[in-house]
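The block underneath contains the structure these notes are about, expressed in C-alpha cells.
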Amino acid sequence: MKKVSTVRFGSIEVEDEKIVHFAQGIPAFEDEHDFVIIPYDEESPYVFLQSLATPDLAFLMTVPYLFFKDYEFEIDDATESQLGLESPEDVIVYTLLTVPQGRIEDMTANLMAPVIINQRTMAAKQLVLEKSSYTTKHRLFEKKAEGAGDAGKEAR
C-alpha cells in the first residue's frame, strides 16, 4: 500500500497492484510513470488517471467505445510485446478527454492517442496512432443548434 497526496482527492492509499505503470511516461509527461485510476463516481463513464508523483496532475479519461461505437485501431507488435499483452482480455482502452473552459458540452476525446493498459500487469502506454484519420479532438456530444433549447417556450 502506497500513501499518495493529491490535489483533487486529498491523501489516498493505493494498492501496489492498482498502480498503472507507463515505462516511457506519457507524451509531454515523460517523467510521469506511475498513476492510479480513480472513478469520477460509481455511475459515471469517466475516470481520472491520477499521477502518484505529481499531486496536481490528473487526466480525465473514458472508455472510447461508450461514445464512439465504431472506434477501432490495431495495436502494433512492439506495443503488444512491450505491454506483455497475451490475449484480447488483457487490454483495456481509454481515451484522454479535454474540457475546454470547463464546458462539459464541448468535451473532446483524443482518439489519435488511446491509452492502452494491460489490466493483468498494469503496464500501460499512450499509443500514438500513425497514419490515422482520428484526431485529438472528437466531440463527445453533438453541438446543439443555436436557440434549440428555447423552442416551444412560447407555447406554454
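Throughout, residue positions are numbered sequentially from 1 according to the sequence presented.
- The two atoms that bring V93 and P64 nearest to each other are O-CD, 3.4 Å, heavy atoms only.
- Between the side chain of Q126 and the backbone N or O of A113 there is at least one donor-acceptor pair closer than 3.5 Å.
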Next item on the list: Take F73 and Y134 through the ring-ring contact (aromatic ring centres under 6.0 Å, His included) test and state the conclusion after the steps.
Entry: CA-CA 10 Å; F73 61 92; Y134 295 118; 7.8 Å; no
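- Side-chain atoms of R120 do not come within 3.5 Å of backbone N or O of L85 as any donor-acceptor pair.
- By the 4.5 Å heavy-atom criterion applied to side chains, V14 and D34 are not counted as neighbours.
- In this structure, H33 contributes its side chain and A23 its backbone to a donor-acceptor pair below 3.5 Å.
- In this structure the side chain of F22 reaches within 4.5 angstrom of the side chain of V20, judged on heavy atoms.
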Return a table of donor-acceptor pairs under 3.5 angstrom between the side chains of residues 55-63 and protein atoms on other chains or two or more places apart.
residue: T62; atom: OG1; partner: P45; partner atom: O; Å: 2.7

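- Taking the side chain as every heavy atom from C-beta outward, L52 and V36 approach each other to under 4.5 Å.
- Side chains of R139 and D106 form a contact here, defined as non-hydrogen atoms less than 4.5 Å apart.
- N118 places a side-chain N or O within donor-acceptor distance of the main-chain N or O of G84, the cut-off being under 3.5 Å.
- Between T121 and L83, the closest side-chain pair of non-hydrogen atoms is not below 4.5 Å.
- Residues L127 and D76 come closest through the heavy atom pair CD1-OD2, 3.4 Å.
- The CG atom of L111 sits 12.0 Å away from atom CD of E72, with the distance rounded to the nearest 0.5 Å.
- With rounding to the nearest 0.5 Å, the separation of CD in E15 from CE in M1 is 5.0 Å.
- A distance-only check finds no donor-acceptor pair linking the side chain of E80 to the backbone of A78 [under 3.5 Å].
- Side-chain contact between I26 and E32 is absent, with no heavy-atom pair separated by less than 4.5 Å.
- Going from atom CG of L66 over to atom OH of Y46 covers 9.0 Å, rounded to the nearest 0.5 Å.
- Ion pairing between a basic and an acidic side chain is recognised when a charged N comes within 4.0 Å of a carboxylate O; D16 and K2 show no such pairing.
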